[in-house]
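Presented below is the structure to which this report refers.
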Amino acid sequence: MSENELREQLIAAAMAMNNSGLNQGTSGNLSVRSGKGFLLTPSALPYEQCQPQDMVLVDMAGQCSGIRKPSTEWRMHRDLYVEHPDIGCILHAHATWCTILACLEKPIPSFHYMVAIAGGDSIPLAPYAPFGSQELSDSLLLTLQGRRACLLAHHGMVCFTKDLENLLPLAIEIEALAKMYVQALQIGPPPLLSAEQMQDVLERFGSYKP
């Protein structure tokens with residue numbers, strides 16, 4: 001796939017993210033691996049106004065090229081790509097239900113078997129760090145051990161997949177789990193599946209995870 005096609009697909013994914021209700025305005029950001037670096041949505045430009053040339057090319061040293069400034073969270077994206085060579089794309093959003101839990105400093109535990117879609121027996125919470133900081137990126141990497149999604153305390157959520165086709169569906173599933181968990185908590189803390197039960201689920205998922 002050409003770089004220009006990736007730029008167009010990245011815009012389409014960003015538009016779909018906002019149209020789904022997962023994100024609002026210019027908050028959140030997406031990226032896709034391209035060559036020896038990655039393409040990242042620009043800072044403070046509404047997605048509906050974006051053109052292919054507005055996507056910012058960032059190399060693994062953090063050097064940017066293009067006509068726009070990169071999202072302030074470029075470090076987070078760069079460090080994830082460096083740490084995980086199999087990652088193809090990354091989504092960060094201020095999804096409402098995920099952010100509610102993040103602001104309460106609550107991870108999503110094994111209340112439902114689909115939590116395993118994030119790669120483990122929970123969707124963990126990264127400790128708070130200022131947006132755009134190296135501290136936030138470091139916290140994220142430590143929290144994502146063995147996972148492909150997590151919440152960011154007092155901030156939002158992050159997830160990644162191998163390709164853009166599966167990125168938004170994963171984010172939407174995590175937001176749905178967050179909503180169910182918040183609503184379940186209104187009745188009382190739900191019983192949790194055991195570590196053994198969740199391991200069985202993970203084994204059953206097998207190659208199901210994109």
Side-chain angles (χ1 to χ4, degrees), residues 13 17 20 22-23 27-33 38 40-41 71-164 166-182 184-185 190 192-193 195 198-199 201-202 205 208-210:
M17 176 178 70
S20 73
L22 192 69
N23 195 67
S27 64
N29 35 78
L30 293 93
S31 68
V32 60
R33 193 186 290 273
F38 58 96
L40 178 64
T41 50
S71 164
T72 54
E73 302 295 4
W74 66 265
R75 290 177 182 82
M76 185 168 67
H77 291 258
R78 188 271 312 274
D79 292 352
L80 275 171
Y81 285 123
V82 170
E83 184 77 10
H84 300 278
D86 59 327
I87 289 178
C89 48
I90 300 166
L91 181 152
H92 164 52
H94 298 174
T96 300
W97 297 97
C98 284
T99 304
I100 288 170
L101 289 173
C103 290
L104 293 170
E105 298 188 355
K106 288 183 177 292
I108 304 176
S110 57
F111 80 106
H112 191 288
Y113 79 89
M114 281 298 289
V115 165
I117 200 169
D121 61 3
S122 68
I123 298 174
L125 174 81
Y128 175 76
F131 74 90
S133 67
Q134 187 60 51
E135 182 185 0
L136 176 61
S137 180
D138 294 343
S139 175
L140 174 67
L141 290 180
L142 286 173
T143 302
L144 277 173
Q145 297 295 321
R147 304 292 200 278
R148 57 199 191 106
C150 74
L151 306 183
L152 304 173
H154 305 276
H155 191 156
M157 59 87 75
V158 174
C159 67
F160 60 81
T161 56
K162 291 182 178 180
D163 54 64
L164 283 170
N166 292 297
L167 186 61
L168 186 57
L170 174 61
I172 289 173
E173 182 66 43
I174 293 167
E175 174 71 344
L177 287 164
K179 180 178 181 179
M180 286 187 281
Y181 185 50
V182 169
L185 288 173
L192 304 180
L193 296 172
M198 287 302 296
Q199 182 59 40
V201 172
L202 287 165
F205 270 27
Y208 170 76
K209 297 181 294 181

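We're numbering straight along the sequence, starting at 1. Because only heavy atoms are used, hydrogens play no part in the values below, and waters and symmetry mates are left out as well, while side chains stay in. Everything numeric here is computed off the predicted structure, so don't read it as measured data.
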Compare every heavy atom of [Y] with every heavy atom of [X], then report the nearest pair and how far apart it is.
{"X": "H94", "Y": "T99", "answer": "C-OG1, 3.3 Å"}
{"X": "C98", "Y": "A178", "answer": "N-CB, 3.6 Å"}
{"X": "S122", "Y": "V115", "answer": "CA-CG1, 3.4 Å"}
{"X": "S133", "Y": "R75", "answer": "C-CD, 4.2 Å"}
{"X": "I87", "Y": "R33", "answer": "O-NE, 2.8 Å"}
{"X": "S110", "Y": "M198", "answer": "CB-CG, 3.6 Å"}

First locate atom [atom1] of [X], then atom [atom2] of [Y], and finally report the distance between them rounded to the nearest 0.5 Å.
{"X": "D79", "Y": "L140", "atom1": "CG", "atom2": "CG", "value": "8.5 Å"}
{"X": "M17", "Y": "S27", "atom1": "CE", "atom2": "OG", "value": "7.0 Å"}
{"X": "I100", "Y": "K179", "atom1": "CD1", "atom2": "NZ", "value": "10.0 Å"}
{"X": "M76", "Y": "S31", "atom1": "CE", "atom2": "OG", "value": "8.5 Å"}
{"X": "L152", "Y": "L125", "atom1": "CG", "atom2": "CG", "value": "8.0 Å"}
{"X": "E175", "Y": "I108", "atom1": "CD", "atom2": "CD1", "value": "8.5 Å"}

Y81: which of W74, F160, F38 passes ring-ring contact (aromatic ring centres under 6.0 Å, His included):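 The single option meeting the ring-ring contact (aromatic ring centres under 6.0 Å, His included) with Y81 is F38.
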
Heavy-atom side-chain proximity of [X] to [Y] below 4.5 angstrom:
{"X": "L101", "Y": "P107", "result": "no"}
{"X": "L144", "Y": "L80", "result": "yes"}
{"X": "W97", "Y": "L177", "result": "no"}
{"X": "Y128", "Y": "E135", "result": "no"}
{"X": "Y113", "Y": "F205", "result": "yes"}
{"X": "L136", "Y": "P130", "result": "no"}

field: Cationic N near anionic O, under 4.0 Å, R147 to D121
entry: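 A salt bridge is present here (some side-chain N lies under 4.0 Å from a carboxylate O).
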
Is there a donor-acceptor contact under 3.5 Å from the side chain of [X] to the main chain of [Y]?
{"X": "R148", "Y": "I117", "result": "yes"}
{"X": "S71", "Y": "T41", "result": "no"}
{"X": "S139", "Y": "P127", "result": "yes"}

task: For F131, look at atom CZ and say whether over 12 heavy atoms of other residues, nucleotides or ligands are found less than 6.0 Å away.
output: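 Not buried by this count: 12 neighbours or fewer within 6.0 Å.
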
- prompt: Stepwise, does the side-chain contact (heavy atoms from CB on, under 4.5 Å) test hold for L185 with K106?
  reply: CA-CA 11 Å; L185 288 173; K106 288 183 177 292; 4.2 Å; yes

field: Validation row, ring centre H155 to ring centre H92 under 6.0 Å
entry: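 Yes, they do, as the ring centres are separated by less than 6.0 Å.
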
